[in-house]
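What follows is a short report on a single structure.
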Amino acid sequence: MRILVIGGAGYIGSHVARAFLDRGYAVTVFDNFQTGLRENLFNDAAFVHGDIMRPEQLRAAMAEGFDGCVHLAALKAAGQSMLKPEIYAEANISGTINILNQASAAGISRIIFSSSAAVYGSPQYLPIDEDHPKEPENFYGFTKLEIERILDWYDRLKGIRYAAIRYFNAAGYDVRGRIKGLELNPENLLPIVMETAAGIRPKLTIFGDDYPTRDGSCIRDYVHVSDLAEAHVSAFEYILKHDSSMTVNLGSQTGVTVFEMVERARAITGRSVSAEVSGRRAGDPSELVASSAKARELLGWVPKYSDVDTLISSTWKMYEKFATL
Ligand code: UFG
């Protein structure tokens, strides 16, 4: 079976490419290196340097013939999406339309799409299941929801079967150390904690300690990127077997506070992680936790690496090489 992984040189994409390779698939990675990294390419996968905004480059790549395609090529900074919606509209929405039209013309009828918990907005109840109201609070989340709707129409009108996978907080690195590239300019909690532990940045800012949670800091559902990656393969096999589309949450179903994450990071790295509490960051809900019952039921998905210690230790393995302390 042949799979095209679009955005396969990125942080999540490289783990997804590795998961398909590990399960015996022939993989081609398509990436423009805007945020992806050359060092994330694998010797046992083919590579095409291309951009989803260039339909002719997609057409040429897809002409090789694939049984399915994974689409992870997108912009993902929620805050930036509120300042520059036009670039999110183009890259995320127009880019996906290019992929769908070229895939459909090339006879590729199975697509796995990286969606996000950002489609839900602030939780109205917890844990968040797939039927929870979708009221995105940033433009990034809106683009993901809009693409899910387009996918649904392409399913009905063009016979494209899709799996839309709504990630909660992706974190961690391949525990076997096979991913070489560190994410550039990380904006997420765990890499920032690791940069602080390694001395790359002087301190971590904790955004708020006055939330209605057990220690006042925000609760998130962190899921290991290798567990996410594994679910992409299972989702592809699901749509192959059932010839039907699906939408699932992927989270660990466990809430962890910012303070808890920092404390475990101090214990595991043996480093002082200097942290200072500031005011709340705009748009942060106090608690986000997924229900992953549907992924368990439909995909048999059970996270193996999403406990806090494995999330931290697998990330620290990447960062300790750069430690300056
Ligand atoms: N945080 C800090 N300091 C930092 C960075 C983060 O205190 O320097 C806190 C945030 O306030 C939040 C938690 O750590 O409470 C996690 O923040 P992240 O920025 O790592 O992640 P978010 O929960 O904001 O968002 C992430 C992805 C989104 C996705 C969402 C789904 O970045 O794309 O998870 O749950 F939609």
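Counting starts at 1 for both ligands and their atoms, in listed order.
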shortest atom 24 (O) of ligand 1-to-protein heavy-atom contact is with Arg281 NH2, 2.8 Å
Describe, in one word, how the ring planes of His49 and Phe33 are oriented to each other, choosing from parallel (under 30°), tilted (30 to 60°) and perpendicular (over 60°).
tilted
So, for His71 and Phe30, is the gap between ring centers shorter than 6.0 Å?
no
Nearest-neighbour protein heavy atom for atom 33 (O) of ligand 1, which is reported as residue plus atom name and distance:
Tyr140 CE2, 3.5 Å
Is the Phe139-Phe142 ring centre distance short of 6.0 angstrom?
yes
Does Lys203 reach the main-chain N or O of Arg201 with its side chain, forming a donor-acceptor pair under 3.5 Å?
no
For Asp155, which of Ser109, Ser245, Ser244 qualifies under side chain to side chain donor-acceptor pair (under 3.5 Å)?
Ser245
Does Tyr211 come within less than 4.0 Å of ligand 1, judged by its heavy atoms?
no
Nearest heavy atom to atom 31 (C) of ligand 1: which of Ala117, Ala77, Ala171 does it belong to?
Ala117
Measure the distance from atom 35 (O) of ligand 1 to every protein heavy atom, then report the residue, atom name and distance (to 0.1 Å) of the closest one.
Asn169 OD1, 2.7 Å
heavy-atom search around atom 27 (C) of ligand 1 in the protein gives Asn188 ND2, 3.9 Å
Among all protein heavy atoms, pick out the one at the shortest distance from atom 11 (O) of ligand 1; state its residue, atom name and that distance to 0.1 Å.
Asp284 OD2, 2.5 Å
Arg176 vs Arg18, test: side chain to side chain contact (heavy atoms under 4.5 Å, CB included). Steps then yes/no.
CA-CA 11 Å; Arg176 292 166 62 188; Arg18 191 65 259 162; over 6 Å; no
Atom 2 (C) of ligand 1: closest protein heavy atom, distance to 0.1 Å, is Phe207 CD1, 3.3 Å
So which protein heavy atom does atom 29 (C) of ligand 1 come closest to, and at what separation?
Ser116 OG, 3.7 Å
shortest atom 13 (C) of ligand 1-to-protein heavy-atom contact is with Tyr222 OH, 3.8 Å
